[in-house]
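What you see is a predicted model; the values in this text were computed from it and never measured.
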Amino acid sequence: MSNSLAIATVTATLRHMLDVAVREDVLGAVVTILPPDDSSLTNAAPRLNLFLYQVAPSAAWRNADLPTRRQDGSLAARPQLGLDLYYLLTAYGQSTDADPQVHRVLGSAMRTLHERPLLSRDEISGVVNASPPEILGTSNLADQVELVK
């Protein structure tokens with residue numbers, strides 16, 4: 001079971017995975033995690049913005065693990081919380097008839113997500129280890145039994 005840094009770790013891992021892929025496909029492209037109304041998104045640089053807009057309990061995992069209590073009423077085992085994370089992907093850049101840059105950025109991101117539907121433990125650990133210790137340093141998402149899909 002992962003700790004409270006799970007959502008931030010998933011977002012950081014997705015950002016890293018998409019950043020590597022988009023940079024290979026579109027020169028100078030970057031991936032950000034800004035709110036969609038941030039004015040810095042509309043600059044001329046090619047960009048993919050990954051925005052987490054909804055978090056909901058997973059219907060598939062909702063009743064898989066109910067809290068277990070001891071006879072005295074104290075908590076014996078914490079329930080697992082399965083979540084569905086919904087992201088909005090938005091591409092920005094300068095597109096022309098000769099170069100649909102925005103479409104290339106979005107196409108690169110969609111291909112990457114389709115080809116890699118799971119976040120591996122190695123990917124997650126790499127992002128956690130590369131981040132400052134005070135940000136994701138204590139994340140244990142890579143250690144959970146179920147892979148992030």
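- Side-chain atoms of Arg47 do not come within 3.5 Å of backbone N or O of Ala91 as any donor-acceptor pair.
- For Ala21 against Thr112, the heavy-atom pair with the smallest separation is CB-OG1, 3.0 Å.
- For the atom pair CZ of Arg15 and CG of Leu48, the computed distance is 10.5 Å after rounding to the nearest 0.5 Å.
- A single hydrophobic cluster is seen to contain both Leu89 and Val105, as judged by linkage of ILVMFWY side chains at heavy-atom distances under 4.5 Å, directly or through other members.
- Between the side chains of Asp38 and Ser40, at least one donor N or O sits under 3.5 Å from an acceptor N or O.
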Kindly indicate, with the supporting measurements, whether the criterion side chain to side chain contact (heavy atoms under 4.5 Å, CB included) is fulfilled by Leu5 and Val128.
CA-CA 10 Å; Leu5 295 172; Val128 168; over 6 Å; no
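- One hydrophobic cluster, built from ILVMFWY side chains closer than 4.5 Å, cannot hold both Phe51 and Val10; they sit in different ones.
- With no hydrogens or angles considered, no side-chain donor-acceptor pair links Asn49 and Thr90 at under 3.5 Å.
- Of the residues Thr13, Leu141, Leu118, the one that meets the side-chain contact (heavy atoms from CB on, under 4.5 Å) test with Val148 is Leu141.
- Of all heavy-atom pairs spanning Val22 and Ala29, the tightest one is CG1-CB, 3.3 Å.
- A donor-acceptor pair under 3.5 Å is absent between the side-chain atoms of Gln54 and the main chain of Tyr86, judged by distance alone.
- Sorted by first then second residue, the side chain to side chain donor-acceptor pair (under 3.5 Å) pairs that include residues 124-136, not counting sequence neighbours, number zero.
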Show, in sequence, the C-alpha distance, side-chain angles and deciding distance for Thr9 and Val127, and conclude whether the side chain to side chain contact (heavy atoms under 4.5 Å, CB included) test is met.
CA-CA 8 Å; Thr9 305; Val127 168; 5.6 Å; no
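- We find that Arg111 and Asp25 are joined by a salt bridge, their nearest charged nitrogen and carboxylate oxygen being less than 4.0 Å apart.
- Separation of atoms OG (Ser139) and CD1 (Ile7) is listed at 11.0 Å; rounding is to 0.5 Å.
- How far CG of Leu27 is from CZ of Arg104: 8.5 Å, rounded to the nearest 0.5 Å.
- Rounded to the nearest 0.5 angstrom, Asn140 CG and Ser2 OG are separated by 6.0 Å.
- Under the 4.5 Å side-chain heavy-atom criterion for ILVMFWY residues, a single connected hydrophobic cluster contains both Leu83 and Leu119.
- Leu14 and Leu85 fall within the same hydrophobic cluster, where Ile, Leu, Val, Met, Phe, Trp and Tyr residues are linked whenever their side-chain heavy atoms come under 4.5 Å apart, directly or through other members.
- In this structure, Arg121 and Glu146 approach most closely via the heavy-atom pair NH2-N, 4.4 Å.
- Of all heavy-atom pairs spanning Val26 and Pro46, the tightest one is CG1-CB, 4.1 Å.
- What you find for Tyr92 and Pro36 is that their closest heavy atoms are OH-O, 3.9 Å.
- If you chain together hydrophobic residues whose side chains sit under 4.5 Å apart, Ile33 and Val31 fall into the same group.
- The heavy-atom pair separating Leu136 from Ala8 by the smallest distance is CD2-CB, 3.8 Å.
- Going from atom NE2 of His103 over to atom CD of Gln101 covers 11.0 Å, rounded to the nearest 0.5 Å.
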Stepwise side chain to side chain contact (heavy atoms under 4.5 Å, CB included) check, Leu50 with Thr32
CA-CA 6 Å; Leu50 176 71; Thr32 56; over 6 Å; no
